[in-house]
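Comments concern the structure below.
In what follows, chains carry the letters A, B, and so on, assigned in the order in which the sequence lines appear, proteins first and then strands, with residues in each chain numbered from 1.
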2 protein chains.
Amino acid sequence: MSTSPVQKRPGGRSAAVLTSVRNAVEELVKEKGRERVTIPMVAERAGVNPTSVYRRWGDLQTMINDIATYRLDPKRPIPETGDLRSDLTEWAREIIEHYSNPTNAAILRGGAASAGDTQSDCLRNRRAEAGMLVERYGASSPLTVDEVIDGLVAPIVYRVIFLPDSLNNDSAKDLTSRLFEGR
Amino acid sequence: MSTSPVQKRPGGRSAAVLTSVRNAVEELVKEKGRERVTIPMVAERAGVNPTSVYRRWGDLQTMINDIATYRLDPKRPIPETGDLRSDLTEWAREIIEHYSNPTNAAILRGGAASAGDTQSDCLRNRRAEAGMLVERYGASSPLTVDEVIDGLVAPIVYRVIFLPDSLNNDSAKDLTSRLFEGR
DNA sequence: CTGATAACGCAAATATTATTGCTTTAGGAG
DNA sequence: CTCCTAAAGCAATAATATTTGCGTTATCAG
């Protein structure tokens, strides 16, 4: 798994480069799709020298992964309504919301292409969150983490990638309902 | 959607080039992953001049797509046991089997990256097949096509892409069982 | 405030990928 | 068998991407 190198001088100019590169990547991925983005392209859009990008990240893959990871608002509070079903519905809604942003969707697709090498931090986090939600209700929980992944995350991700128009306002509720049938 | 150009002389040498390129693509995709394969690479491995590849397919995406389409055994018989649940279990097993081939898995991942542009023929076919399976049992069918996609195809594809080690011999049965709970 | 140096920018050198014009080979209609 | 020409090969060129050496800027420890 490749991550952004440790910055010994994370302030001022370096930070500026970092954020403008991030913005550039997001814009370009949204505009052209992950496949058609190159490092020189990103550098130009960011108003930064390509060399700086090469030296900091080495290659596009590492860079995209870094950007994607950054994007995940990893420490946001996860839903806590007191009821697992409501929690999951809300959680699913947030995920769908996240991927309704074309940049995030494009980055997910990009991540898919190189998954295996570079496991997506994004989805690992989702699994961790699902674990927290389920375990909150201890042994009495009617669902396992895998069931949540298969029943919510997988369909959402599948649709984001392959059927982008098939998600709507009811999707979170529908999928969650399905998950609780027979429980 | 881009397809291989019509061959006015499909015999002999042309055919040889075609098959050696196909083999080369599959080998390389398996070895290095879709991301790290280039046309010159494929040409060299295939013992073919890069120009021939450029002229026939134009770009990597088109080429991969052509190869992938070729790979999908589109006209194989789909399961028909007389029982929907058995049919679906067997069908899921076939899909998992298909993607247990590293080349097919890598091509799926590659397809994800450019989905949106180029909708995967592969997955469209899966949906058609699911439709046939479900409709075979007419109005009495306990499942909709979407439920089959969400409950079988999505988890399988999700796992193939992001959690390649999580599929095993029981997965088809497990997912299908889950699908029939409460029905 | 100052000095050491991380990180950036610039420019030149390489390497890689894609295009183009022309020549050669060989599929297949007649 | 012969001829026409599709498709492959070859080589030179153009376009892009990557690497490298070196000078410059400016962060941050002291």
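Residue A:Q7 places none of its side-chain N or O atoms closer than 4.0 Å to OP1 or OP2 of C:dA6. Considering only side-chain N and O atoms, A:Y54 lies under 4.0 angstrom from the phosphate OP1 or OP2 of D:dT18.
Using a 4.0 Å cut-off on heavy atoms, the residues of residues 37-48 of chain A that approach DNA chain C are A:V48, listed by number.
With respect to A:E31 and A:R45, a salt bridge is recorded, a charged nitrogen being found less than 4.0 Å from a carboxylate O. Of the charged side-chain nitrogens involved, none lies within less than 4.0 Å of a carboxylate oxygen, so that B:R85 and B:E90 do not count as a salt-bridged pair. B:R159 has no carboxylate O lying under 4.0 Å from a charged side-chain N of B:D165, or vice versa, which leaves the two without a salt bridge.
Atom C1' of nucleotide D:dA6 and atom CZ of B:R56 are separated by 11 Å, given to the nearest angstrom. Between the CG atom of A:N49 and the C1' atom of D:dG21 there is a distance of 14 Å, rounded to whole Å. Following rounding to the nearest Å, B:R36 (CZ) and D:dT18 (P) show an atom-to-atom distance of 13 Å. For A:D59 and D:dT16, the CG to P distance is 21 Å, given to the nearest whole Å.
Every residue was checked against the side-chain hydrogen bond (donor to acceptor under 3.5 Å, both in side chains) condition with B:E80, not counting sequence neighbours, and none meets it. For the side-chain contact (heavy atoms from CB on, under 4.5 Å) test, no residue two or more places apart in sequence or in another chain qualifies with A:N169. Checked against ring-ring contact (aromatic ring centres under 6.0 Å, His included), B:Y54 has no partners two or more places apart in sequence or in another chain. When the side-chain hydrogen bond (donor to acceptor under 3.5 Å, both in side chains) test is applied to A:D59, the partners found at least two apart in sequence or on another chain are A:T62.
When each of B:G58 and A:S52 is assigned the nucleotide of DNA chain C with its nearest heavy atom, A:S52 is the one assigned upstream, toward the 5' end. Toward the 5' end of DNA chain D, the nearer of the two residues B:T51 and B:V17, judged by each one's closest nucleotide, is B:V17.
Interatomic distance, A:L108 CG to A:I156 CD1, rounded to the nearest 0.5 Å: 11.0 Å.
A donor and an acceptor atom sit less than 3.5 Å apart, one in the side chain of B:R55 and one in the base of C:dG21.
Contact annotation: the side chain of B:Y137 never approaches that of B:L143 to less than 4.5 Å [non-hydrogen atoms, C-beta and beyond].
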Between the protein and nucleotides 27-30 of chain C, are there any N/O to N/O pairs under 3.5 Å, and if so, what are the atom names and distances?
residue, atom, partner, partner atom, Å
C:dG27, OP1, B:R13, N, 3.4
C:dG27, N2, B:R9, NH2, 2.5
C:dG28, OP1, B:G11, N, 3.3

